[in-house]
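To keep things clear, I will list the structure first and then write my remarks on it.
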Amino acid sequence: MRTIQVVNVRWFNATAWYGAFLSRLLREAGHETLFIGLDGTQSFVRAQEWGLEPVALDLNTASPLRLAALWGRMRALVRDFRPDVVNCHRGEAFVLWGMLRKAGGRFKLVRTRGDQRLPRNNIPNRWLHCHAADAIVATNSVMARHFRDVLQVPEQKIHTIYGGVDTAVFSYDESGRQRVRAGYGYGAGDFVLGLLGRFDRVKGQKELIFAVADLYHRRGLRHVRLMLAGFETATSRAEVEAWIDEAGVRDITVITGKREDVAACISAMDAGVVASLWSETIARAALEIMACGRPLVSTGVGVMPDLLPHEALCTEGDVTALADLLEKTVRDEPWRHWLQAACVQRMKTLRERDFLDTTLAMYEQA
């Protein structure tokens, strides 16, 4: 199969990762795949690093002259590459691909929606999703219901496909666990709660810090430790450290910064935490934690109710509710083992092979 993956995302966020990872899996499986992105952006550079040989198009332009040039390049790409499927992972230029499809393009048009924002219910969106696109991919059930119930997309066009995980990279690493724990001074009796994610208000680092402080100072869990496996982006490290000092947990908290041995850092955790306030429509970090065999608890945002049992979820932004859930995770060993087994079982349907096979089946059906 010949596909074009349109990933005009500036940052290498979960949406860009979803498109790039899918592109890599398709190419490795022998399917000719073009990755189209924005020249010089984080996602474009990462695609180059992954050997995807990305093609640069000015897909986010609003200039009439550049739009005319873009239209010409898109038509030439379709003519020369002859794709079976064009999969748009962002909304910008989706209308152009829709117009090209309706103008006689001999390809199936797929829109993958990995953005947290629900598409507006207006005439252009209804035309694009109900008539121009041959299939719609939602990365969580909330988005899928919105397409069905609000935009009135025919149910047979909607496919919910969760992200996959590279299990060759993300799996439990006992030697890495021991090395990382020793490096941070964790003892055998320490219980490490870990959050994997960039420093950004959406990720809920502040709420997690104060929930862990509650466990440590008020609830008597003096063996609890906090690992923030991330680095500054929209939120600075100085701001995160100020929260740590305010909560009085400096002595039990480590910030890893950027590390290459991410799977080892995850393995060093006794439980993973997704404390996000919104977003998580794909939840890459959650999938990686689960792939490493760690029990995971989370707020109930985005795709998380699709991935975890209800008992492992709490209300986003509620520090007390998060502390209650963390206390149960730390104190109740049988429950924690049950949750760990549930995470491992769930990952059996979220491996990279299943992700690829499900996507290819959708392409064939579209």
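Just so you know, these numbers come straight off a predicted model, no measurement behind them. Values below: all heavy atoms of this structure, side chains included; hydrogens, waters and symmetry mates excluded. For reference, positions follow the sequence shown, starting with 1.
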Query raised in the report: Do the charged groups of D58 and R73 touch, with an N to O distance under 4.0 Å?
Result: no

Requested in this report: Taking the side chain as every heavy atom from C-beta outward, state whether R113 and V137 have any atom pair closer than 4.5 Å.
Outcome: no

Query - Set of side chain to side chain donor-acceptor pair (under 3.5 Å) partners for E232, sequence neighbours left out - result: none

Requested in this report: May I ask whether Y186 and L221 are part of the same hydrophobic cluster, defined by side-chain heavy atoms of I, L, V, M, F, W, Y residues being less than 4.5 angstrom apart, directly or through others?
Outcome: no

**Report entry** L308 side chain reached by L313 side chain, heavy atoms, under 4.5 Å
**Finding:** yes

Query - Neighbour count >12 (heavy atoms, 6.0 Å) for atom CD, E49 - result: yes

Query raised in the report: What are the two closest non-hydrogen atoms of R346 and L307, and how far apart are they?
Result: CG-O, 3.4 Å

Query raised in the report: About how many Å separate OG of S141 and CD1 of I158, when rounded to the nearest 0.5 Å?
Result: 12.0 Å

Report summary line: Hits for side-chain contact (heavy atoms from CB on, under 4.5 Å) against R177, two or more places apart or cross-chain, chain-then-number order -> Y172, E174, R181, S267, D270, R294

Query raised in the report: Between F191 and R225, is there a cation-pi geometry (under 6.0 Å to ring centre, at most 45° from the normal)?
Result: no

Query raised in the report: Linking Ile, Leu, Val, Met, Phe, Trp and Tyr through side-chain heavy atoms less than 4.5 Å apart, which residues share a cluster with V344?
Result: none

Query raised in the report: So with a 6.0 Å cut-off around CD of Q156, is the heavy-atom count from everything else above 12?
Result: yes

Query raised in the report: Backbone N or O of R198 within a donor-acceptor pair of the Q205 side chain at under 3.5 Å?
Result: yes

Report task. Step through the shown structure and confirm whether more than 12 heavy atoms of other residues, nucleotides or ligands are within 6.0 Å of CZ on R331. Result -> yes

**Report entry** Close side-chain approach of V78 and P83, heavy atoms under 4.5 Å
**Finding:** yes

Report summary line: residues 200-227 vs ring pair (Phe, Tyr, Trp, His ring centres under 6.0 Å), sequence neighbours excluded, gives none

Report summary line: In this structure, CG of L118 is separated from CE of M143 (nearest 0.5 Å) by 5.0 Å

Report summary line: The ring-ring contact (aromatic ring centres under 6.0 Å, His included) partners of W243 (sequence neighbours excluded) come to none

Query raised in the report: Who are the ring-ring contact (aromatic ring centres under 6.0 Å, His included) partners of F35, not counting sequence neighbours?
Result: none

**Report entry** V254 side chain near L228 side chain, heavy-atom distance below 4.5 Å
**Finding:** no

**Report entry** Selection residues 37-57 - residue pairs positive for ring pair (Phe, Tyr, Trp, His ring centres under 6.0 Å), sequence neighbours left out
**Finding:** F12-W50

Report task. Go through the structure and list residues passing ring-ring contact (aromatic ring centres under 6.0 Å, His included) with F147, not counting sequence neighbours. Result -> H129

Report task. Go through the side-chain N and O atoms of D200 and T233 and say whether any donor and acceptor fall under 3.5 Å apart. Result -> no

Query raised in the report: Which heavy atom in S43 sits nearest to a heavy atom in A16, and how many Å separate them?
Result: CB-CB, 3.7 Å

Query raised in the report: Is R201 atom CZ crowded by more than 12 heavy atoms from other residues, nucleotides or ligands, each under 6.0 Å away?
Result: yes

**Report entry** Reported CG-to-OH distance for the pair D190 and Y184, which is rounded to 0.5 angstrom
**Finding:** 14.5 Å

**Report entry** Residues which pass side-chain contact (heavy atoms from CB on, under 4.5 Å) with E311, listed by chain and number, not counting sequence neighbours
**Finding:** P309, W335, W338

Query raised in the report: More than 12 heavy atoms of other residues, nucleotides or ligands under 6.0 Å from CG of D251: is that the case?
Result: no

Report summary line: Looking only at heavy atoms, the pair that brings K157 and H159 closest together is O-CD2, 3.2 Å

Query - Shared hydrophobic cluster for V297 and V224 (ILVMFWY, side-chain gaps under 4.5 Å) - result: yes

**Report entry** V142 side chain near V303 side chain, heavy-atom distance below 4.5 Å
**Finding:** no

Query raised in the report: Would a 4.5 Å heavy-atom cut-off, applied to side chains only, mark I36 and V7 as touching?
Result: no

Query raised in the report: Same hydrophobic cluster for L22 and L34, using side-chain heavy-atom links shorter than 4.5 Å among ILVMFWY?
Result: no

Query raised in the report: Would you say E92 and L59 make side-chain contact, with heavy atoms under 4.5 Å?
Result: no

Requested in this report: Run the numbers on R27 and E53 for salt bridge (charged side-chain N to carboxylate O under 4.0 Å, His left out), then give the verdict.
Outcome: CA-CA 11 Å; R27 286 167 69 104; E53 303 171 292; 2.8 Å; yes

Query - Closest heavy-atom pair and its distance - C314, A321 - result: CB-O, 4.1 Å

**Report entry** R10 atom CZ, over 12 foreign heavy atoms within 6.0 Å
**Finding:** no

Query raised in the report: Is it the case that Q5 and T3 place a side-chain donor and acceptor less than 3.5 Å from each other?
Result: yes

Query raised in the report: Going by distance alone, is a donor N or O of one side chain under 3.5 Å from an acceptor N or O of the other, for D173 and S171?
Result: no

Query - Between Y162 and N140: side-chain donor-acceptor atoms closer than 3.5 Å - result: no

Requested in this report: Compute whether any side-chain donor of one residue and acceptor of the other, for T349 and D354, lie under 3.5 angstrom apart.
Outcome: no

Query - Between CD on residue E28 and OG1 on residue T33, distance to nearest 0.5 Å - result: 10.5 Å

Query raised in the report: Atom CZ in R219, atom CG in D214: separation rounded to 0.5 Å?
Result: 4.5 Å

**Report entry** R259 atom CZ: more than 12 heavy-atom contacts under 6.0 Å
**Finding:** yes

Query - Test item: T358 side-chain N/O and F355 main-chain N/O as donor-acceptor pair under 3.5 Å - result: no

Query raised in the report: Would you find a donor on one side and an acceptor on the other, under 3.5 Å apart, between the side chain of S298 and the backbone of G300?
Result: no

Requested in this report: Could you state whether L57 and F107 fall into the same hydrophobic cluster, counting links through intermediate Ile, Leu, Val, Met, Phe, Trp or Tyr residues with side-chain heavy atoms under 4.5 angstrom apart?
Outcome: yes

Query - Residues D84 and K108 bridged, charged N to O under 4.0 Å - result: no

Query raised in the report: R250 and T253: side-chain donor and acceptor closer than 3.5 Å?
Result: no

Tell me which donor-acceptor pairs under 3.5 Å the side chains of residues 272-283 have, and how far apart each pair is, sequence neighbours excluded?
unit_1: S276; atom_1: OG; unit_2: E280; atom_2: OE2; d: 2.7
unit_1: W278; atom_1: NE1; unit_2: Q116; atom_2: OE1; d: 3.3
unit_1: E280; atom_1: OE2; unit_2: K203; atom_2: NZ; d: 2.9
unit_1: T281; atom_1: OG1; unit_2: G114; atom_2: O; d: 2.5

Query raised in the report: Can you tell if the side chain of L128 reaches within under 4.5 Å of the side chain of V95, non-hydrogen atoms only?
Result: yes

Report summary line: The reported gap from CZ in F21 to CG in L356 (rounded to nearest 0.5 angstrom) is 9.0 Å

**Report entry** side-chain contact (heavy atoms from CB on, under 4.5 Å) partner of F94, chosen from V6, N125, N8, L109
**Finding:** L109

Query - With K102 via salt bridge (Lys or Arg N to Asp or Glu O under 4.0 Å) - residues at least two apart - result: none

Requested in this report: Kindly give the heavy-atom pair with the smallest separation between T299 and T315, and that separation in Å.
Outcome: CG2-O, 4.1 Å

Report summary line: By side chain to side chain donor-acceptor pair (under 3.5 Å), Q340 pairs with (sequence neighbours left out) none

Query raised in the report: Are L196 and V202 co-members of a hydrophobic cluster defined by side-chain heavy atoms under 4.5 Å apart?
Result: no

